[in-house]
Each structure stands twice: as C-alpha cells, then as structure tokens.
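Throughout, residue positions are numbered sequentially from 1 according to the sequence presented. Every heavy atom of this structure was used, including side-chain atoms; hydrogens, water molecules and symmetry mates were not.
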Amino acid sequence: MESSRRGMMNPREESSSDLVAMRRIQRLSSHISPDVTVSPPLLVQAERCSSRSSKKLEVNGEALSMYMRGKHMDIQEKVFDFFNSRPDLQTPIEISKDDHRELCMNQLFGLVREAGIRPLRYVADDPEKYFAIMEAVGSVDMSFGIKMGVQYSLWGGSVLNLGTKKHRDKYFDGIDNLDYTGCFAMTELHHGSNVQGLQTTATFDPLKDEFVIDTPNDGAIKWWIGNAAVHGKFATVFARLILPTHDSKGVSDMGVHAFIVPIRDLKTHQTLPGVEIQDCGHKVGLNGVDNGALRFRSVRIPRDNLLNRFGDVSRDGKYTSSLPTINKRFGATLGELVGGRVGLAYASVGVLKISATIAIRYSLLRQQFGPPKQPEVSILDYQSQQHKLMPMLASTYAYHFATVYLVEKYAEMKKTHDEQLVADVHALSAGLKSYVTSYTAKSLSVCREACGGHGYAAVNRFGSLRNDHDIFQTFEGDNTVLLQQVAADLLKRYKEKFQGGALTATWSYLRESMNAYLSQPNPVTARWEGEDHLRDPKFQLDAFRYRTSRLLQNVAARLQKHSKTLGGFGAWNRCLNHLLTLAESHIESVILAKFIEAVKNCPDPSARAALKLACDLYALDRIWKDIGTYRNVDYVAPNKAKAIHKLTEYLSFQVRNVAKELVDAFELPDHVTRAPIAMQSDAYSQYTQVVGF
C-alpha cells in the first residue's frame, strides 16, 4: 500500500520524499547486499510512478514509416504498383491448383521480364535488396514469393554459393532471365532434417568422365521439390559422392555434395531419360508452387556439373578439398545455404504485418455494444481485444527490427566471410526463423478469431495466409531442430566462456555478465515496482538475460549429470524441452536488445515515443508470460509481479491509442492487404460489393 500511495503523490510531494526513500534503500542495500551499488538517479526513477496522462500521443506517421521501411522502399513500391496495374496477374479467391501454378509462373515472368526486376543479381551482390523484393512479392501471393525463392535463392543461390566461376559463367544469365528454371533437390522421402543421412548417390565413372546419379531405393526419392512437378528444367541434387578405389572396398563415400542435373529438355520440356517426375499433389497451402518427387535411374552428367567450391574430383578420379573432413565440408556447404532461413524469417514478419494490419484496422472500424443510451464503441476499446492484438503489434515491431538486423549481418557475412560472423549468422538465423515463424503461425489464428465471423470469409484472407504460411515452420529447417542448433551453440559458447575463448557479438553478454546474472537476486531491486523502473531498458534486458543465463547454467549441469548414465544422446533427449526453452529465451534476449537499440536510434521524437511504448509492452508482456520463472527464484517479488501485470495492461491501452499510426507505418496499401474489412475507406461498402450487392 505504501508504494501505491507514493505512486499517487503529486510531483511536489514526491520531490520531498525522494531523499528519504533514497537513503532508506541505500541503507538497506548496504546491509543486505554490500556489493550492490545503487545510483541516486536510478533510485528516484524506481520510486516514482509516472503520472499517467490520458492525452493521446501524436505520432509523426511519415517519420515512423520512413524509419520502418528503410532504404529499399522504392523497389517494394515498384513491385506493388506493377501488380496493381495488372489485374490478370492478381490471384483470385477461388482458383484450381493447376491454374494457380500457371499464374505463379506468369507472375514471375511478369516481375522479371516486364517489370524488369532481376532478383538473382541481388542474391549475390545485395541481399538486403533481394529480401525486400521477396517481402513485397510475398505480399502479392505467398506462393509467388516461395516460387521466386526456389528459383533464385535455392536453385540460383546453390549454383552461385556452392559452385565456382565456371558454373556462374554458364548458368547465371539463364537462371536470371528464367530460361533455366530450376529446383533444389535435397529432401528425400526418408530424410528431411538429417541431411547427412541422404541416400541418393553420384558415382564417378572415370572411363567416361561422368557422374552417375541414382536413387537406390524408394526412401531416397527426392520429395517436396518445388518447381519440379511442372516448370523446372534443372535441379541441384544433393547426393553422396562415390569414388572408385583400388582397395578391397572398391568405392569410397566422400559425403553429401551438390550436382547440377538437367531434368527436362530445354526445347521440348519433356522429361529426360532416366528421370522420373511425379506430382506431390494438392497441399494444405502454397498450391501455386509445383512440388514434385524425383527418381533417378543411372542419369549421367558431366564431371563439371559437380558444384565444386568445397570439394572437387579430377579427371583421373582424385578427390581434393581445402577442408580436411566430411563434417567440415558438410558444415561449409550448409552454411552457404543459410540465406533461405534468413529469407523465411524476414518474409514471416511480412505476413505478420499483413495479418496484424487487417485485424487492427477492422477492430478500429467495428463497433459493438457500449454504455446505455450512448453510441457503440470500437471493439479495439475492449480490454480483451487489446490483450489479443496489442502485444502482437508490439511483437511485430520487435521482429521487424530483429530480422532487419539479421539481414544486415547476413549481407556483411557475404562480403567479409568472417568466421565468427558466419557462426553468429548461422545460429541467429536458425533461432529467428524458428521463433518468428512459430509466433506468426499462432498469431494468424488469433487474428482470425479477433475478427469474428467476418474473419472467416476467404476474401478477408486469414485462411489463405494461415494455410500458406503454415509450412514456414517446417521447410528450410524444422523449427524444433533449429532451436536445438541454437541450444547446442549456446552450450558451446558457455564452455568457451570458461575456457577464455572469444564470443561473437550476439552471445557476448554471456561472458560480460554471466556472473552478475547468476548471483543471488537482490531482494531490494526485486521489490521495485515504479513505472520508470519497469520501463527502464536496463531492467528489461537484465531480466531477459538473467533467465537465459540461469537456464543455460542449469541445463549444462543436467546434461553433465544424465550423460553419465544415459550417454550423450540420451541425456540430450532427457533435457530436450529445457534446451528448447533455453534457445527461445536467448532469441528473445536478442530480439529485445535490437528493439531497444532501434528505439534509441529513431531520429524523430514522436516516432521514438511510439516505438518506446511498443518496446516496453513487448518486454513486459514477455516477462509477465513467464512470471513463474522469475517468481520461483525470487527475481521478482509478488508486489513487483502485480505491478508488471498492471503496467502491461496499461501499455496495451496506450499502444491501442496509436495502433492506427503503428499499422499505417507498415505502408501496406489496400491493394496489398486486399481484405475488404481492412479497407481504409468505405470498408463495409466494398465488402457488400464483393458478395454481389
């Protein structure tokens, strides 16, 4: 009660009590935790509960939009304008699988050959621009976005990143102008996540200087291969490189390598001899992408078709590589394909923006009930609707800045090839792809429900968005598997920390502050509940990092204990849920750090204030959702937990007041959102016209 009364004091009363409060807490600190130093300004912040003005924050929407959209706004506008001018290239609500596939191919032709946007050159030279194009294209039709990704990021990217100059010279122009449509044949019927378990073989024939591609059994049939069922003419096939030897074994397995394999005739488009292609059929979503299955029966390709950046075979069958082991070569190969994960994380945020925009614009428009004899109120004025949508809006901003950071780091990695940066991007892309796509998948259902019956209409897009996005959780790495990679990397860094090794930027807090995070929580700060303290970025980030550090220390101890009786694999499986929680906690820490940084760097004061509201809501909502963890270790006292909950609700209300400005800053015009209930003018009129009135 005392702290509550202090929170209600006017400024004059507060100023007279600040010195008393400061002295009391400093005295308590010195008795309870002598090592803790508390600065007077922080004490004043902690004890003051800011007066909560009901005045609406005025946001400079143009400044916020410019800050959000960044330097590639022009190319995205070019994509939007081109497809808005071409009704024949817009995807209708009702369309058959076959028609959708042809439309997606025509959309890609339109982008490249009519709009003059050539994505492949950006894959190599300007990844940030490529991902901006991909986000815009995915807004037109998610199937179109994935088909573009298959052509340029996967098929084109594998040739550029795993091949050498001879491959670039031979294939670049054809891939770029869509003469050489292709696919990326990695996944098999029996193996998806475990790429090292692939069974397709590429056996070198020294007499003819060729590789022979074979599918040894049904489990090795290439499965879910985009562009394969209808349009692909080439495939990058991942297969075990088998070399003849002169010992008793007769052959040597050099591990998984990538090969360019023609699958259809360039002129007739007929399937080539030895290649069998079947259609994977109708899917839950993304039916504009022609997924197929490939079987190879003694398909011969020239030796030069080996993508030989990390390993090569000479004319006489000798294998050479700059990397000494199969595992090193395998790691380098997969490391070059990390761009797919980066793109999916970034594209998933684009889907979340569209979904949140539709749901929030409708919630501002829709009015239901109200006080007696007064007008009905917007459903976004209801606390329950704010609880559903405002933390989601805040999270959308958080993930936007985190994935922009990821794209920047990826672009830097492509230029410098710095080893530490490669490792950092690999783990960060795995974590963000998993975390963001899982969140977006859940949020799409929340948005549909938040829009009631009208959210169920196909024309309002939640169904197609949800179905098309759902597979984002699986391809380019199953989310559960990717989180385990993050956890494994954290444990590796944890070990290096105690051995004095270097830590990459994203993980550096583990070395800098681990001891502080793992010390006993300070019983004084655990009780601080002032609004200024709870909205202090240092408190928020410390709380996130404390949780990660504690989870890391605990799971390391558990793994060591269980490995003695269960072995390494069994111990990992015993601790798996703990490891997944650890990985998510770390990624949340990275996301918050980037959001705080983005708020600080925003040049416009009003836009910065709006971002600060969203950032505080993101941070405190996440702390509240895991409040049990903080309470169990007394990091947060009961009174502070209650204050966090109350402040989260208040911040949801404050973000609601600028929700329109926040979604408008995404700059998604009506012809991109394409949901009648989200139209910015005459929404109901346009909705009734859709059904024929």
Side-chain angles (χ1 to χ4, degrees), residues 79 82-115 134 136-151 154-155 178 181-184 187 221-233 235 263-264 268-271 276-294 347 351 354-355 358 441 444 448 454-472 474-475 671-676 686-687 689-692:
V79 172
F82 172 76
F83 285 98
N84 189 41
S85 71
R86 292 291 302 274
D88 58 309
L89 293 179
Q90 294 170 14
T91 307
I93 298 300
E94 297 183 44
I95 185 170
S96 70
K97 169 175 65 67
D98 292 341
D99 288 346
H100 197 179
R101 289 173 170 182
E102 287 310 306
L103 175 62
C104 272
M105 193 68 238
N106 289 331
Q107 288 171 332
L108 191 53
F109 280 134
L111 178 79
V112 173
R113 297 180 177 178
E114 295 179 50
M134 188 175 181
V137 163
S139 300
V140 174
D141 184 331
M142 228 182 294
S143 287
F144 174 24
I146 296 303
K147 193 167 187 72
M148 187 191 95
V150 170
Q151 173 67 15
L154 295 181
W155 155 234
L178 296 174
T181 49
C183 32
F184 183 83
T187 298
I221 295 172
K222 296 295 181 182
W223 208 271
W224 291 127
I225 310 305
N227 261 4
V230 179
H231 298 122
K233 296 173 181 174
I263 59 174
R264 287 186 174 93
T268 67
H269 205 64
Q270 294 298 306
T271 304
E276 182 183 350
I277 304 175
Q278 298 296 338
D279 195 324
C280 287
H282 203 273
K283 306 184 292 291
V284 170
L286 294 179
N287 282 298
V289 181
D290 52 316
N291 292 89
L294 301 171
V351 177
I354 292 173
S355 180
I358 295 171
L444 284 161
R448 204 294 300 158
H454 294 315
Y456 198 62
V459 72
N460 289 319
R461 297 196 63 201
F462 291 122
S464 60
L465 287 171
R466 183 171 58 189
N467 290 348
D468 286 346
H469 178 275
D470 190 65
I471 193 61
F472 279 44
T474 301
F475 59 18
H671 62 265
V672 173
T673 57
R674 300 197 310 281
Q686 296 195 50
Y687 194 16
Q689 288 175 26
V690 167
V691 299

Checking side chain to side chain contact (heavy atoms under 4.5 Å, CB included) for the pair Ile146/Phe472: CA distance, chi angles, key distance, verdict? CA-CA 10 Å; Ile146 296 303; Phe472 279 44; 4.0 Å; yes
Spacing of [X] atom [atom1] and [Y] atom [atom2] [to the nearest 0.5 Å]:
X	Y	atom1	atom2	value
Gln278	Ile221	CD	CD1	8.5 Å
Lys147	His100	NZ	NE2	10.5 Å
Arg448	Ser355	CZ	OG	11.5 Å
Asn287	Ser143	CG	OG	6.5 Å
Lys222	Leu294	NZ	CG	9.0 Å
Arg264	His269	CZ	NE2	4.5 Å

For Phe109, does the CZ atom sit with more than 12 other heavy atoms under 6.0 Å from it, leaving out its own atoms?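 Yes, enclosed.
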Validation row: [X], [Y] side chains within 4.5 angstrom (heavy atoms):
X	Y	answer
Ile358	Phe462	yes
Leu154	Cys183	no
Phe82	Glu114	yes
Leu286	Phe475	yes
Val230	Glu102	yes
Ile354	Ser139	yes
Asp290	Cys104	no
Trp223	Asn291	no

Could you walk me through whether Thr271 and Glu276 satisfy the side chain to side chain contact (heavy atoms under 4.5 Å, CB included) test, starting with their C-alpha distance in whole Å, then the side-chain angles of each, then the deciding distance to 0.1 Å, before giving a yes or no? CA-CA 7 Å; Thr271 304; Glu276 182 183 350; over 6 Å; no
Between the side chains of Ser464 and Asn467, does any donor sit under 3.5 Å from an acceptor?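 Short answer, no.
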Member of Leu89, Asp141, Thr91 meeting the side-chain contact (heavy atoms from CB on, under 4.5 Å) criterion with Phe83: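 That would be Leu89; it is the only one of Leu89, Asp141, Thr91 passing the side-chain contact (heavy atoms from CB on, under 4.5 Å) with Phe83.
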Under 4.0 Å between a Lys/Arg side-chain N and an Asp/Glu carboxylate O for Asp279 and Arg101?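 Result for this pair is yes, salt bridge flagged.
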Test side chain to side chain contact (heavy atoms under 4.5 Å, CB included) on Leu108 and Phe144; report intermediate values, then the result. CA-CA 7 Å; Leu108 191 53; Phe144 174 24; 3.9 Å; yes
Should Lys233 and Ile263 be marked as a side chain to side chain contact (heavy atoms under 4.5 Å, CB included) after you check the CA-CA gap, both sets of side-chain angles, and the distance that decides it? CA-CA 5 Å; Lys233 296 173 181 174; Ile263 59 174; 5.6 Å; no
